[in-house]
Amino acid sequence: MPLSGATIGTSKRERTCFVATAVYSATLDAIRGGKGIVHTVTIPEGYSLGQIISLFASKLSIAPESLQAAVRDTALLHQLDIPTETVEGYVFPDTYIFPAQTTARTAIATGVRRFEQVWQPEWTLRLDTIGLSRNDVMTLASIVEKEARLAEERPVIAAVYLNRLRDHMLLQADPTVQYALGEHQNRVLYKHLEVESAYNTYKHAGLPPGPIASPGRASILAALYPANVPYEYFVALPDGHHEFRNDFAGHETARRLARRAWDSLTTATKHDSGLGDGGHRRPHAR
């Protein structure tokens with residue numbers, strides 16, 4: 001059973017208190033209802049399916065192999081109408097209460113069911129307006145989730161990628177390279193851009209085949225309702241914000257600004273990356 005703590009017009013501290021209270025109350029209700037021992041599991045926004053599997057395996061004492069099979073359940077894939085081999089991106093990030101002895105299939109299905117509850121009918125109607133499928137939206141939302149550090153930038157980042165798609169430009173999204181590599185890299189290096197995968201948006205045009213993580217509601221909304229901006233490039237700065245530009249010349253200027261900012265924070269040796277950034281992507285042309 002999921003517990004959603006997202007309420008409009010509340011501070012992060014208030015939302016945290018709300019979630020904690022809701023989880024405590026739900027846990028008591030479950031125990032009083034004769035469910036015995038229960039487990040509270042929180043899936044953070046932006047978790048990949050691999051991370052969710054590890055989380056469920058640890059918190060619910062489920063064999064990872066069983067979870068690996070559950071995320072490939074053909075009934076769930078048919079229900080979601082997605083072209084990918086797993087439910088990556090569709091196990092909704094939320095706080096859940098599971099009874100003891102919960103099976104892998106039940107745990108995964110519960111997360112997918114929560115996604116279906118969150119997805120609104122008006123969002124489906126919106127798909128025709130923006131010319132994307134639901135899987136496209138979830139894929140874009142997952143990239144936005146991994147890129148954004150500031151909430152207000154989510155719709156702008158979504159717009160950048162949609163503008164690039166419109167103009168037949170490669171997305172060049174570093175999080176897709178991380179996903180294609182199959183393991184986290186502190187820095188995306190030029191050699192990593194050569195990984196052969198349909199998810200590598202430096203080599204393959206368009207959106208990847210499916211999501212690279214589970215996006216939260218805010219990122220889904222950003223993908224559905226992107227900002228009305230002309231930007232086609234952005235670069236990250238150390239404080240978490242991005243500099244957005246319309247053209248490559250402006251982007252090159254922003255990259256130099258970002259390079260100076262990052263270089264002021266690190267003395268790491270620069271190898272084959274464009275920036276020794278101490279854990280963040282280098283300023284790249286996208």
Side-chain angles (χ1 to χ4, degrees), residues 46 130-132 136-137 139-181 185-195 197-208 211-213 215 218-219 221-266 270 272-286:
I130 59 178
L132 298 175
D136 290 337
V137 166
T139 301
L140 176 58
S142 71
I143 298 173
V144 171
E145 189 69 63
K146 300 299 286 187
E147 291 275 21
R149 294 294 177 269
L150 303 179
E152 62 270 23
E153 288 189 352
R154 293 176 192 269
V156 184
I157 291 172
V160 169
Y161 286 125
L162 288 170
N163 290 343
R164 291 178 72 90
L165 285 173
R166 179 199 62 205
D167 292 342
H168 307 289
M169 301 169 68
L170 290 171
L171 294 188
Q172 297 185 329
D174 285 8
T176 66
V177 176
Q178 293 272 16
Y179 187 81
L181 290 170
Q185 302 290 330
N186 286 334
R187 290 180 295 165
V188 175
L189 308 179
Y190 285 121
K191 66 180 182 181
H192 295 144
L193 304 184
E194 298 303 316
V195 61
S197 168
Y199 286 85
N200 183 354
T201 57
Y202 280 85
K203 292 176 72 78
H204 298 279
L207 288 163
I212 60 172
S219 290
L221 284 170
L224 286 164
Y225 301 95
N228 183 18
V229 294
Y231 306 132
E232 291 189 334
Y233 302 88
F234 65 83
V235 63
L237 273 80
D239 64 0
H241 92 278
H242 292 83
E243 286 292 323
F244 298 90
R245 296 292 186 270
N246 298 3
D247 54 43
F248 186 74
H251 180 59
E252 283 293 278
T253 300
R255 287 180 67 193
R256 289 192 290 271
L257 171 68
R259 181 174 289 109
R260 288 195 296 271
W262 285 113
D263 284 350
S264 69
L265 295 181
T266 180
K270 298 175 181 66
D272 59 342
S273 67
L275 174 70
D277 59 23
H280 293 73
R281 61 181 174 276
R282 68 210 180 295
H284 196 82
R286 67 99 180 76

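Here the structure is a predicted model, which means the values were calculated and not measured.
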Heavy-atom pair with the smallest gap, counting every atom of [X] and [Y]:
X      : Y      : result
Ala227 : Ala159 : O-CB, 3.2 Å
Ala213 : Lys146 : CB-CD, 4.0 Å
Glu147 : Pro175 : OE2-CD, 3.3 Å
Arg154 : Ser219 : NH1-OG, 2.6 Å
Lys203 : Val195 : CD-O, 3.4 Å

Ring centroid separation Tyr190 to Tyr202 under 6.0 Å = no
If you measure from [atom1] on [X] to [atom2] on [Y], what distance do you get to the nearest 0.5 Å?
X      : Y      : atom1 : atom2 : answer
Leu171 : Leu165 : CG    : CG    : 4.5 Å
Leu140 : Tyr161 : CG    : OH    : 9.0 Å
Glu145 : Ile157 : CD    : CD1   : 10.0 Å
Glu152 : Leu150 : CD    : CG    : 5.0 Å
Leu189 : Glu194 : CG    : CD    : 12.0 Å

ask   = Got a sec: does the CG of Asp239 have more than 12 other heavy atoms crowding it under 6.0 Å?
value =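 Yes - once you tally the heavy atoms of other residues, nucleotides and ligands closer than 6.0 Å, there are more than 12.
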Candidate pair Phe234 and Glu153, rule side-chain contact (heavy atoms from CB on, under 4.5 Å), full reasoning = CA-CA 11 Å; Phe234 65 83; Glu153 288 189 352; over 6 Å; no
Taking [Y]'s backbone N and O only, do any of them form a donor-acceptor pair with [X]'s side chain (distance below 3.5 Å, no angle check)?
X      : Y      : result
Thr176 : Tyr199 : yes
His192 : Gln178 : no
Thr201 : Ala173 : yes
Asn163 : Val229 : yes

query = Between Leu162 and Leu132, is a side-chain contact (heavy atoms from CB on, under 4.5 Å) present by the stated rule, with each step listed?
reply = CA-CA 10 Å; Leu162 288 170; Leu132 298 175; 3.9 Å; yes
query = Is there side-chain contact between Asp136 and Ile130, with at least one heavy-atom pair below 4.5 Å?
reply = no
Sole candidate of Arg255, Arg256, His251 that passes side chain to side chain contact (heavy atoms under 4.5 Å, CB included) when paired with Thr253 =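 Only one option passes, and that is Arg256.
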request  = May I ask you to establish whether Arg164 and Tyr233 are in a cation-pi arrangement, using a distance under 6.0 Å from NZ or CZ to the six-membered ring centre and at most 45° from the ring axis?
outcome  =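 Yes - Arg164 lies over the ring of Tyr233, closer than 6.0 Å to its centre and within 45° of its axis.
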